Structure formats: C-alpha cells, structure tokens
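A quick note: this is a predicted structure, and the numbers were derived from the prediction, not measured. First the proteins, then the strands, lettered A, B, ... as listed; each starts at 1.
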Amino acid sequence: MRFDSSDSGSDSDSSLDNVPLKRKLSDSEKHGLPTPPLSNAPLISDQRLSSDRDDPPESDGELDSVNAPADSELAEVTDGSDNGLLDDKKDLPNPKKRRWTTFEHNGVVFPPPYKPLPQDVKLYVDGQPLNLSLIAEEMAYIYAKSMHLSHAQKPLFIRNFLEDFGAAVRDCTGVEITSIERCDFSKILAHIEAQRKLQRELPVEEKEKVQQARQEEVEKYGYVYIDGVKEPLASGFRIEPPGFYSGRGDHPKLGKYKRRLVPEDFTLNLSEGVKVPDPPPGHKWGEIVHNPRAVWTARFFDPLTGKDKYVLPTSGSTTSNASEQKKFDLARMLKREIGYVRKYYMNMLKSTSMVEREMGTIIYLVDKFAFRIGHDKHEDNADTVGCTTLRCEHVTLKPPNRVVFDFLGKDSIRYYNEVEVHPQVYTNLRIFKRAPKQAKDTVFMTSGMNMLVKMNAILPGLTPKVFRTYNASSLMQDLLADVPDDLTEAEKVERFQDANRKVAILCNHKKETPPSGSLRIVETLQHTLLEKKWDLWYHALELANSFSEQAEALRSTKPWIFERDSELTDDVIEEIHTRIYEKKVKLAYSSSKSAAVAKRAEAKNMDVELYKKELLDRQLKEAETLKEKLANLRMNGYHPRKLGPAKVNIVLNQIKKAESDIRKTLQAIERKQEYSEVALDTSKTNYIDPRLVVRYSKRHNIPLEKFLNTAQRKKFEWAFDSVDEDWIF
DNA sequence: CCAATCGACTCAGAAACTTCAAC
DNA sequence: AGTTGAAGTTTCTGAGTCGATTG
C-alpha cells in the first residue's frame with residue numbers, strides 16, 4: 001500500500017486546515033516534502049536518459065501500481081551532474097535569441113472593397129425600403145450572407161448584431177430597428193443567390209483566370225524570406241474581411257461587428273534596410289518594426305477581443321518543422337522519464353503541503369485524462385475551463401473512487417467522462433471540493449502558471465501540454481503495435497483509423513454531427529437492416545414449415561431465429577415489401593439498358609430493341625408476381641408454403657446469409673455512428689508523431705497516402721526519411 | 001518578489017470549396 | 001448522363017498554451 005490508510009478516505013485529515021486561500025506559493029510549500037529538492041540542479045542522470053528500457057516497472061499504464069520512489073532512488077536521480085533534458089532545453093526556441101538576420105516580405109492582402117448593391121436591391125423594414133449608407137448596407141449584406149448559419153440563430157448573436165447594425169441604420173436613416181423580425185433581407189438574399197449562380201456558371205476559362213490571379217497573389221504575398229530562404233505563410237496573410245464575431249459557445253461578443261481593417265491597423269515586421277512594402281494607395285502602415293526575435297510578418301490589434309493577431313509562417317516552413325520536431329522529441333523524452341515523473345507526482349498526492357497535494361492531483365489528471373491545464377481568463381469570454389480552472393460543479397464524486405467530469409473545454413466542447421481514479425486522488429478531490437473557497441468555486445487554488453513552474457522543476461522542459469502529446473502518441477504506438485501482419489491492406493487501414501479514433505477520444509476532439517437520420521447512407525443502411533431481418537424471419541418460417549430434422553436442430557440451437565423481430569411490425573413489413581418491389585422494378589429498367597444485354601441480343605442474332613423490351617417485360621412481370629406473393633403473405637398472416645425436403649438446404653443457406661448480412665449491416669451502422677462525432681484530423685495533425693505513421697506505412701508496405709492527405713504529407717515531410725519500420729516513439 | 005499581463009506561438013472546429021461517385 | 005449528396009480538402013479565424021515582462 002502506497003498511502004497510509006488513515007490518510008486516504010479519512011475525514012480526520014488535519015491538513016485540511018492548511019488549505020491556503022491564496023494562489024500563492026510560499027517557499028516552503030514550493031519545496032515541501034516529500035518531494036525531492038527542486039533546485040535548478042539537474043534531476044536526471046545521463047544513464048536514465050540514454051536508456052529507454054530502464055524505466056521503473058509500470059503495469060500497463062495503471063498508475064495505481066506505481067510505487068513511490070525510494071529515497072535512495074531519488075537521491076540518485078537528483079545527483080546527476082549532467083542533464084540531457086537541460087541540454088536539450090538550450091535548443092528550445094529561445095525568445096531572447098535572434099531568429100534571423102534578414103526578414104523580407106510583401107505585406108498582406110486586403111479584401112476587395114465593398115461593392116454597393118444595385119439600386120433596386122434594398123433592405124426592407126416594416127415593408128418600407130431603406131436607403132442605407134454604404135457602411136450600413138455592407139453590414140446588411142454581410143449579415144444576409146451568413147444569417148442561415150446556426151450561430152447566427154442564437155438570440156445573443158441577434159441581440160448584438162441588432163445593437164451594432166441598428167446604430168448604423170439609425171445614423172443614416174433615423175429608423176429604429178428593435179427586432180430582427182421587422183427586417184426583410186429577402187431582396188438582398190436573392191441578389192446574393194444570383195451572384196453565386198453567376199459565379200458557378202462562369203465559363204471554364206474565366207474560372208481559370210480567377211484561379212491564376214489567386215495563385216499570383218499567393219506567390220507575391222504568401223511567403224516570407226528568412227535569411228533568403230523562401231518560407232510559406234499561413235493563410236492569415238489574406239486579411240479578414242469585415243464581419244460579425246463568430247465566437248464558439250456562449251461568447252458574450254457573439255454577433256458584434258468587426259469593422260474593416262485598414263493598413264493603419266497593422267504593424268509589419270521586417271529586417272532593417274529591406275524594402276518596406278507599399279501600403280495601398282492613400283494609406284500608411286501603422287508601424288514598422290525590426291524584431292529579430294519573432295517570425296511574424298504582420299500583426300494587428302483586434303479591438304473586439306483585445307488581442308493581437310499575427311501572420312506567421314505555416315506548416316512546412318523551416319521554423320514550423322523545427323518546433324514540430326522539438327515538440328515530439330520532448331514528448332518522447334517524457335516517455336522515457338514517465339516512470340520517474342509518475343512516481344514523483346504520486347508522491348505529491350499525499351504531501352502534508354496542500355499546495356503540493358493539489359499539484360500532484362492536477363498532474364495526475366493531466367497525465368491520465370489528457371486535460372488541458374487551463375488558465376484564468378477574462379470574464380467577457382465564453383465560460384470554458386481547463387484542469388486548474390475546473391469548478392466544483394464540474395466534478396462529481398461517487399464513492400468509493402469514481403469521478404464524473406462534465407465541463408466545457410476549449411472551443412466550448414463538452415467533456416463528459418465517468419472514471420475511476422486512484423483512491424488518494426479521490427480523497428484529495430473530496431478535500432479540495434469541501435475546502436472553503438474564495439469568490440470562484442474552483443476545485444484547485446493553484447493556477448495554471450504555477451503548474452508550469454512546478455512541471456519545469458520536475459523535469460526541465462516539461463509543460464502540461466507535453467503530457468497530451470506524449471499520451472496521444474504513446475497510445476497510438478501501442479494500438480498500432482497490436483495490428484497483426486496477416487491482415488489485408490484495407491483491414492490495416494481500418495485498424496489505423498480505429499487507433500486514430502481512440503486517440504481523438506482521449507483528446508476529446510469532436511465534430512458537429514449532422515442531425516440524426518439526415519445522412520442518406522445511414523438511412524440506406526437502416527433500410528438494408530430491416531430488409532435482412534425480414535429475410536431472416538421469412539426463411540425461418542419457411543424452414544419451420546418443412547418439419548425437417550434441420551429445422552428442429554436449429555430451433556434448439558438458435559431459437560431466436562424463429563422469433564419475429566420487434567421492429568418488424570405489419571406496417572414496417574409493408575414498407576419493406578414496397579421497397580423490395582421498387583428495387584426490382586428499378587433494376588429491371590437499368591439492366592435492360594445495359595451494354596451486356598445488347599451484346600447478348602447480338603450474340604443471339606436478335607433485334608436489340610426487341611430483346612430489351614422482352615427482357616424488361618419479363619422482369620417487370622416477375623416484380624409484379626413477387627409483389628402479389630408478398631401481399632398475400634401479409635394478408636394471410638405470414639404462412640409460407642410448405643417447404644419440400646429438397647429445398648431445405650437452400651433455405652438453410654439463405655438463413656445463414658441473412659444472419660451474416662444483419663451482422664455486417666449492424667457493424668457498418670455502428671462504425672458510421674462511432675465516427676460521426678469524433679474528429680480525427682486534429683489529433684493526426686497535432687498530437688500523433690508523424691514518424692509513427694511513416695513507420696506503420698513502411699512496416700506494412702502501405703502507401704502513406706492511405707493515412708495522410710496532401711497537406712499532412714507536406715507538413716510532415718521532415719519525418720519521412722529518418723524513420724524505418726523499427727522506429728520507436 | 002510574484003501575480004498579472006503581454007507577446008507570440010500552437011491548437012481547434014466550422015464553413016467553404018472541390019472532387020468523387022451513386023443513382 | 002446529369003444531378004445530387006457525400007467525402008475529402010482548404011480556408012478561416014477563434015481559443016488555447018506558455019515564456020517573458022512588468023508594476
């Protein structure tokens with residue numbers, strides 16, 4: 001037992017009194033026992049770093065079995081005079097360091113100016129057309145373009161929109177708009193639709209011209225030359241047009257107007273002596289700076305959010321590749337040290353210092369559930385939380401050691417998970433939840449910033465995010481290792497996707513699902529399923545009617561086959577029958593038109609048209625006969641004709657086929673649904689070490705294209721060569 | 001000194017756009 | 001054989017993290 005039983009689960013925990021009310025680290029707490037001294041002295045010896053097979057035992061990732069490190073062991077790791085991680089830290093991007101000597105680019109692309117609507121296209125308020133100022137009209141136009149989107153339906157969005165748009169309308173017309181219902185955008189909407197249609201129907205060569213112009217724009221503005229090397233920029237070099245704020249979740253500023261940006265809003269970053277790009281005529285750049293410690297080319301202050309926005313090099317650029325690789329190598333470093341790190345924070349869990357105890361608990365959660373750390377944020381943001389900002393209402397305790405987490409995380413994506421935690425973690429959570437709180441009802445007092453300091457003290461370079469990367473990549477590696485060699489390529493691709501999906505679930509990456517049943521493919525599958533269920537039941541009835549040995553045998557082994565599925569109501573069966581009939585008719589028409597039929601006619605030396613017609617007639621007749629037969633079955637209560645002994649085996653096979661079809665269809669539906677809410681791309685692009693993908697591809701000799709799309713392959717080019725099929729994360 | 005804020009970067013899902021394939 | 005919807009891909013910009021700076 002790692003923890004004193006008197007400590008865990010006991011109400012008499014006297015250290016409760018020590019719960020500090022301030023998010024503040026006193027010196028003694030920071031260095032509180034029983035954790036090792038946390039000076040800047042390196043913690044990790046060379047030997048520990050160089051060997052990844054040396055880790056203290058862990059039972060398949062279960063923390064519960066991790067023992068606290070013996071003092072001697074800690075002493076040993078504390079003693080190391082040289083620290084590989086620390087060395088590595090020297091290579092981390094050092095913001096004080098110069099990143100370039102020459103830094104040259106052509107500035108940014110502004111969106112085209114607003115083109116006024118034709119005279120006869122107006123906004124109507126209370127049935128009256130309004131003569132809007134250019135700016136008010138532009139707002140109306142932009143709103144009309146996106147009014148169908150779901151976030152634009154939210155009352156908050158409409159309220160904020162009406163506030164800003166209403167002011168603009170009042171300024172130019174004196175009309176007060178008090179509700180959106182009084183506004184009629186239909187004329188503008190129709191105009192937008194007409195424009196779109198025009199765009200769609202543009203001749204091919206015109207479309208190509210547009211494409212080419214866009215390409216030239218990319219060539220001119222889409223790159224920065226860092227020390228003479230051409231590096232691609234993220235799409236932000238195209239400046240965002242005016243719009244209405246589209247924050248996620250319940251963001252207080254949803255629907256507020258974002259005005260058009262002008263060159264005066266921008267700061268450009270360039271090296272001294274290079275040509276400053278010409279601002280658009282009649283304008284000046286806000287500021288020109290020479291900041292060699294940063295790689296952004298342009299920046300503007302967004303007055304709505306109060307934050308700076310940057311134009312930066314994008315994936316595939318040298319700087320991005322380097323930090324990408326650094327990120328994964330740091331995560332690999334954590335993998336090698338994870339035994340040590342886990343012991344360390346498991347030790348903290350029962351510290352007499354409440355701050356230490358909190359921090360241990362936080363690291364446990366970050367490690368085990370891949371939570372983001374969470375930082376304090378300003379109130380006029382959506383109410384989302386990370387680990388250190390969890391409030392008591394987000395954490396429900398269920399004795400003896402189950403916990404339900406239910407909160408909105410980044411992008412207001414809901415995290416819901418009921419889990420088992422280590423008993424000590426459970427005890428700690430109970431103490432923290434019960435402790436008297438200041439204004440905010442947060443579970444923990446420690447801030448995310450304090451956690452950064454703490455983690456860096458445990459392992460230089462370690463941050464909360466590293467746990468996410470490490471756990472994602474590590475899980476991916478384990479899951480891929482389980483894939484046997486003798487599967488087909490398709491199966492191996494599927495296994496890769498399944499692994500990818502499990503990683504995405506760990507990271508809680510989600511996507512909006514289309515309303516259930518709206519997917520045609522799911523509907524078809526559901527129909528197929530019902531059809532197969534009908535098949536099964538019908539053939540079972542036939543078999544039962546044979547009074548054969550086989551029927552009796554089946555009745556004793558699989559009695560359920562003879563039972564009518566609860567979904568097969570009379571109405572449903574009638575629908576199934578209609579579909580079967582319609583399908584047959586459709587098939588008749590399409591097959592009679594096929595080239596194969598024409599060929600057959602020629603082979604028989606018959607008139608093709610005549611042959612086709614005869615065939616069609618025959619098949620249509622068959623369809624009618626089937627229809628009647630099915631109708632009769634329904635009418636007389638599903639009594640198929642008596643089955644002769646010769647047919648028994650045929651029907652048995654049909655039953656077998658129906659059974660397997662049902663199984664396959666159910667699997668297909670399940671797979672479809674399982675994938676419908678999970679976003680695979682985010683983890684593939686940001687958390688799974690691309691070298692794992694390359695290794696899998698090489699090991700099973702499957703082209704990389706099956707796993708990564710064009711953009712991802714470009715992004716991960718740096719990983720292609722360094723990896724063989726034995727590479728280990 | 002240290003908590004709050006700033007600056008610069010990575011991560012994120014929705015929507016738009018493009019291509020593909022099934023009727 | 002053209003339409004239509006789904007799947008794949010790109011664009012867009014918002015929302016985090018985290019190291020440095022500041023008051």
### Task
Only counting residues at least two apart or in another chain, list the ones meeting salt bridge (Lys or Arg N to Asp or Glu O under 4.0 Å) with D250(A).
none
## Note on the structure
Against the side chain of R214(A), the closest entry in dT10(B), dG7(B), dT11(C) is dT11(C)
### Query
Considering only dA3(B), dC11(B), dG16(C), which nucleotide approaches the side chain of K307(A) most closely?
dG16(C)
#### Entry: Y310(A) side-chain N/O to dA8(B) phosphate OP1/OP2 under 4.0 Å
yes
### Query
In terms of side-chain heavy atoms of K327(A), which of dT13(C), dT10(B), dC18(C) is nearest?
dT10(B)
### Query
Does the side chain of N269(A) get closer than 4.0 angstrom to OP1 or OP2 of dA8(B) through an N or O atom?
no
### Task
Sequence neighbours left out, what passes side-chain contact (heavy atoms from CB on, under 4.5 Å) with E582(A)? Give chain and number order.
T578(A)
## Note on the structure
Per-nt protein contacts along nucleotides 12-21 of chain B (heavy atom under 4.0 Å; B base, S backbone sugar-phosphate only, - none) come out as SBSS------
#### Entry: Nucleotide of dC12(C), dC9(B), dT13(C) approaching A294(A) most closely (side-chain heavy atoms)
dC9(B)
### Query
For R196(A) and I192(A), what are the C-alpha separation, side-chain angles and deciding distance, and is it a side chain to side chain contact (heavy atoms under 4.5 Å, CB included)?
CA-CA 6 Å; R196(A) 285 207 177 115; I192(A) 290 169; 3.9 Å; yes
#### Entry: Y245(A), nearest nucleotide to its side chain (from dG7(B), dA15(C), dG19(C))
dA15(C)
### Query
So does K465(A) get a side-chain nitrogen or oxygen closer than 4.0 Å to the phosphate oxygens (OP1/OP2) of dC11(B)?
yes
### Query
Reckon P111(A) touches a base, only the sugar-phosphate, or nothing at all at heavy-atom distances under 4.0 Å?
nothing
### Query
How is S235(A) classified with respect to the nucleic acid when contacts are heavy atoms under 4.0 Å: base, sugar-phosphate, or nothing?
base
### Message
Does G386(A) reach a base, just sugar-phosphate, or nothing at all? Heavy atoms under 4.0 Å.
### Response
nothing
### Task
Return the 5'-most residue of the pair Q712(A), A382(A) with respect to DNA chain C, ranking by each residue's nearest nucleotide.
Q712(A)
### Summary
Of L261(A), D265(A), V262(A), the one forming a side chain to side chain contact (heavy atoms under 4.5 Å, CB included) with I239(A) is L261(A)
### Message
I want to check one thing: is the phosphate of dG14(C), taken as OP1 and OP2, less than 4.0 Å away from some side-chain N or O of K258(A)?
### Response
yes
### Nearest heavy-atom neighbours spanning L254(A) and G247(A)
CD1-O, 3.1 Å
### Task
Between F244(A) and L452(A), just flag the one whose closest nucleotide in DNA chain C comes earlier from the 5' side.
F244(A)
### Summary
Applying the 3.5 Å cut-off to both distances, the Watson-Crick or G-U partner of dT19(B) turns out to be dA6(C)
### Task
Verify the contact: side-chain N or O of T384(A) to OP1 or OP2 of dG16(C), cut-off strictly under 4.0 Å; return yes or no.
yes
### Message
For dA15(C) and H251(A) - does any side-chain N or O of the residue sit under 4.0 Å from the phosphate oxygens OP1/OP2?
### Response
yes
### Message
Which residue in the set K465(A), R468(A), H509(A) passes side chain to side chain donor-acceptor pair (under 3.5 Å) when paired with Y687(A)?
### Response
R468(A)
#### Entry: Under 3.5 Å: donor-acceptor pair, side chain of N269(A), backbone of N291(A)
yes
